[in-house]
Participant: 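Submitted below is the structure of interest, expressed as structure tokens.
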Amino acid sequence: MISVSAPGKVLLAGGYLVLDPAYSGVVVSTDARFYSLVKPTNGTTTTVNSPQFGSSWEYNSAMEQLNECPLSHLNHYSGPINDFVQLALTEVSKLISKRGITPKGLSITISGDNDFYSQRAYLNSCNLDATVENLKKVPKLNSDLKQISKTGLGSSAALITSLVGALLAFYGLISRDINQNDLKLVHNLAQYIHCRAQGKVGSGFDVSAATFGSQVYSRFDPEIIKDVMDSPTTGEIVDAVISKEWDNNVEKVGLPYGISIQLADIEHGSHTPSLVKKVHAWKAAKPDEAKELYAALNNSNQGLVKVLKALNESHKTKREAYEHALDTLSTLIPQKWQENIPANDVIAQFDELRMVLKSIRKLFRELSDKAGVPIEPEEQTRLLDACSKIEGVIGGGVPGAGGYDAIYILTISRMANQSHAQTQVHKTWLEWTELSVSPLVCGEGFEGLRLENAEEISRAMGIE
Ligand SMILES: Nc1ncnc2c1ncn2[C@@H]1O[C@H](COP(=O)(O)OP(=O)(O)OP(=O)(O)O)[C@@H](O)[C@H]1O
Ligand SMILES: C[C@@](O)(CCOP(=O)(O)O)CC(=O)O
């Protein structure tokens, strides 16, 4: 028995730009994770159980036979066909057969931490407000969801990455201590499967975060997988694609010590592909204007990378000044920070972070105006502005493609306890009436793919 997990993601900066290899994005991996548990059975069938979807999918035979009758789906006894799961199984089975391994009968269970799915309906049914305290009381890996509504953490990318990782580890194609080469293999295979399952080649930052954790990401060349997107594949083809030289770039950078991320799911929601389509239409119609705005956004995004690195470095080399900055700024409203800069250069770095987040938001609003797309809609502006007036709040924004989906806020908070800033941000959300704002419990996880204690995960999933 083996269990492998992969985290969710929040794209702090780089929405739209990250689709172009010339630009990079800053992505934070969450401590909300997706878990895949793989158990050998004596039989020849492969069963995948998803307690959260209330579904099981049974495949007609051992994975090697699936290989002979690709994608056949004999006994689908509860729930609709799950293209994401099915594609992961078939493509992995082709690869392991090609590498000379005989597949076994398996029982697989997949579950995501509660934050991947909105718990609103569940809390409502228990007459509870959407507060972090109440969310913490929801049973782990809640399978009593009243409806499946995603919160934007990238459930499908984390699901595919954890499943691919678990199967490759089970069959010994990656080692159990998961080294860099193993991560590359999982990344390439999961990225290819995820693109194929989605029917499009996105930037892939979600699979990259699920594999490598928090990072500065620039994308791979879509040409690497373009040819195999629609055509039938064999083990040879899958192996050739994942063995290519992928040119994606991953630089590990996380949130500096003492900074935590607060996430909220906004009930309204937006359809990401429509936003992307409209932005691209504007870009095609006004190439010069778009070039200029993308350059400015890139400048701010790079500024974010630079200041995150500088703060991480200061935490190592100027510990005392760093701790002093945390103590000072956690009690001040952001607008007062600049007055304290002369006394402490780490405060200047925190203030720079505040300014760079503001400038990214400003440029996203400009993009909203110019492209006629609500990337930071006015309702979100009002909510973010209200949060940005709280002591100890650094700033925030709309993650990923923006829209009405979600917001993130960075606060000064030492890890262990709930800081004043966090409490006030959550209070603001609970009392907010213009939009329905529901907090997520997770924070940054930093880590990517991880081998889990299979017994513990099995117990948490309620499996004997
Ligand atoms: N617990 C689960 N069990 C089975 N399948 C799941 C589970 N969670 C997600 N999936 C699969 O992932 C699909 C959702 O993928 P989709 O790309 O629409 O969402 P997403 O990855 O959450 O997107 P976003 O980037 O907005 O967070 C579902 O239709 C299902 O096939
Ligand atoms: C707009 C885009 O750059 C970001 C989408 O991010 P999200 O799914 O909204 O977190 C698209 C992409 O990178 O695939």
Side-chain angles (χ1 to χ4, degrees), residues 8-20 23 25-28 30 32 115-118 120 130 147-157 198 200 202-206 209 217 261-285 290 293-294 296-297 300-301 304 357-388 395-410 425 428-429 432-440 442:
K9 55 73 191 168
V10 187
L11 188 69
L12 294 189
Y16 304 97
L17 272 70
V18 80
L19 285 161
D20 181 337
Y23 305 114
V26 180
V27 55
V28 157
T30 62
D115 271 341
F116 282 96
Y117 309 107
S118 171
R120 279 170 214 268
Q147 65 198 50
I148 303 278
S149 164
K150 302 170 298 172
T151 55
L153 293 186
S155 58
S156 62
Q198 286 195 314
K200 69 172 168 65
S203 73
F205 75 89
D206 43 7
Y217 173 77
I261 185 162
Q262 266 60 243
L263 294 163
D265 167 37
I266 310 291
E267 193 166 29
H268 199 303
S270 283
H271 184 237
T272 303
S274 321
L275 299 179
V276 175
K277 211 170 145 197
K278 285 183 189 156
V279 169
H280 284 173
W282 163 75
K283 218 174 141 222
L293 186 49
Y294 270 43
L297 262 166
S300 292
N301 294 347
L304 176 63
L357 292 173
K358 266 181 82 169
S359 91
I360 293 170
R361 280 189 54 204
K362 186 168 163 281
L363 290 163
F364 255 11
R365 287 197 298 275
E366 216 174 302
L367 183 58
S368 306
D369 277 353
K370 292 201 159 131
V373 187
I375 295 169
E376 189 189 292
E378 283 173 18
E379 294 89 331
Q380 299 276 61
T381 300
R382 285 190 277 274
L383 176 58
L384 287 164
D385 286 350
C387 296
S388 303
V398 284
Y404 289 93
D405 282 343
I407 59 162
Y408 74 86
I409 300 286
L410 298 185
V425 165
T428 306
W429 292 352
W432 202 255
T433 50
E434 190 181 20
L435 293 166
S436 167
V437 188
S438 187
L440 301 190
C442 67

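Everything numeric in this text was worked out from a predicted model, so none of it was measured.
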Participant: What are the two closest non-hydrogen atoms of Val27 and Ala209, and how far apart are they?
Facilitator: CG2-CB, 3.7 Å
Participant: Considering residues at least two apart in sequence or located in another chain, which fulfil the salt bridge (charged side-chain N to carboxylate O under 4.0 Å, His left out) criterion with Glu434?
Facilitator: Arg382
Participant: Would you say the side-chain atoms of Tyr408 pair up with the backbone N or O of Ile261, donor to acceptor, closer than 3.5 Å?
Facilitator: no
Participant: I need the minimum non-hydrogen distance between Ala13 and Leu304, along with the two atoms involved.
Facilitator: CB-CD2, 3.7 Å
Participant: Just to verify, what does Glu379 make a salt bridge (charged side-chain N to carboxylate O under 4.0 Å, His left out) with, not counting sequence neighbours?
Facilitator: none
Participant: Show every donor-acceptor pair shorter than 3.5 Å between a side-chain atom in residues 270-281 and any protein atom, with sequence neighbours excluded, or say none if there are none.
Facilitator:
| unit_1 | atom_1 | unit_2 | atom_2 | d |
| --- | --- | --- | --- | --- |
| Ser270 | OG | Tyr404 | N | 2.8 |
| His271 | ND1 | Ser274 | OG | 2.4 |

Participant: Would a distance-only check, ignoring hydrogens and angles, find a side-chain to backbone donor-acceptor pair under 3.5 Å from Glu376 to Gly397?
Facilitator: no
Participant: Go through the structure and list residues passing salt bridge (charged side-chain N to carboxylate O under 4.0 Å, His left out) with Asp265, not counting sequence neighbours.
Facilitator: Arg120
Participant: Do Leu383 and Ile266 have side chains that get closer than 4.5 Å, going by heavy atoms?
Facilitator: yes
Participant: Can you name the nearest heavy-atom pair linking Thr151 to Tyr117, along with the distance?
Facilitator: CG2-C, 3.7 Å
Participant: To the nearest 0.5 Å, how far apart are OH in Tyr294 and NZ in Lys283?
Facilitator: 4.5 Å
Participant: For Val18 versus Gly25, what's the shortest heavy-atom pair and its separation?
Facilitator: CG2-N, 3.8 Å
Participant: Residues in side-chain contact (heavy atoms from CB on, under 4.5 Å) with Ser149, at least two apart?
Facilitator: Ser118, Gln147
Participant: When you measure from the side chain of Lys358 to the backbone N and O of Gly396, does any donor-acceptor pair fall under 3.5 Å?
Facilitator: no
Participant: Could I get the full list of side-chain contact (heavy atoms from CB on, under 4.5 Å) partners for Asp385, not counting sequence neighbours?
Facilitator: Arg361, Thr381
Participant: Taking Ala32's backbone N and O only, do any of them form a donor-acceptor pair with Asp115's side chain (distance below 3.5 Å, no angle check)?
Facilitator: no
Participant: Hey, are the side chains of Leu12 and Asn301 touching, using non-hydrogen atoms and a 4.5 Å cut-off?
Facilitator: no
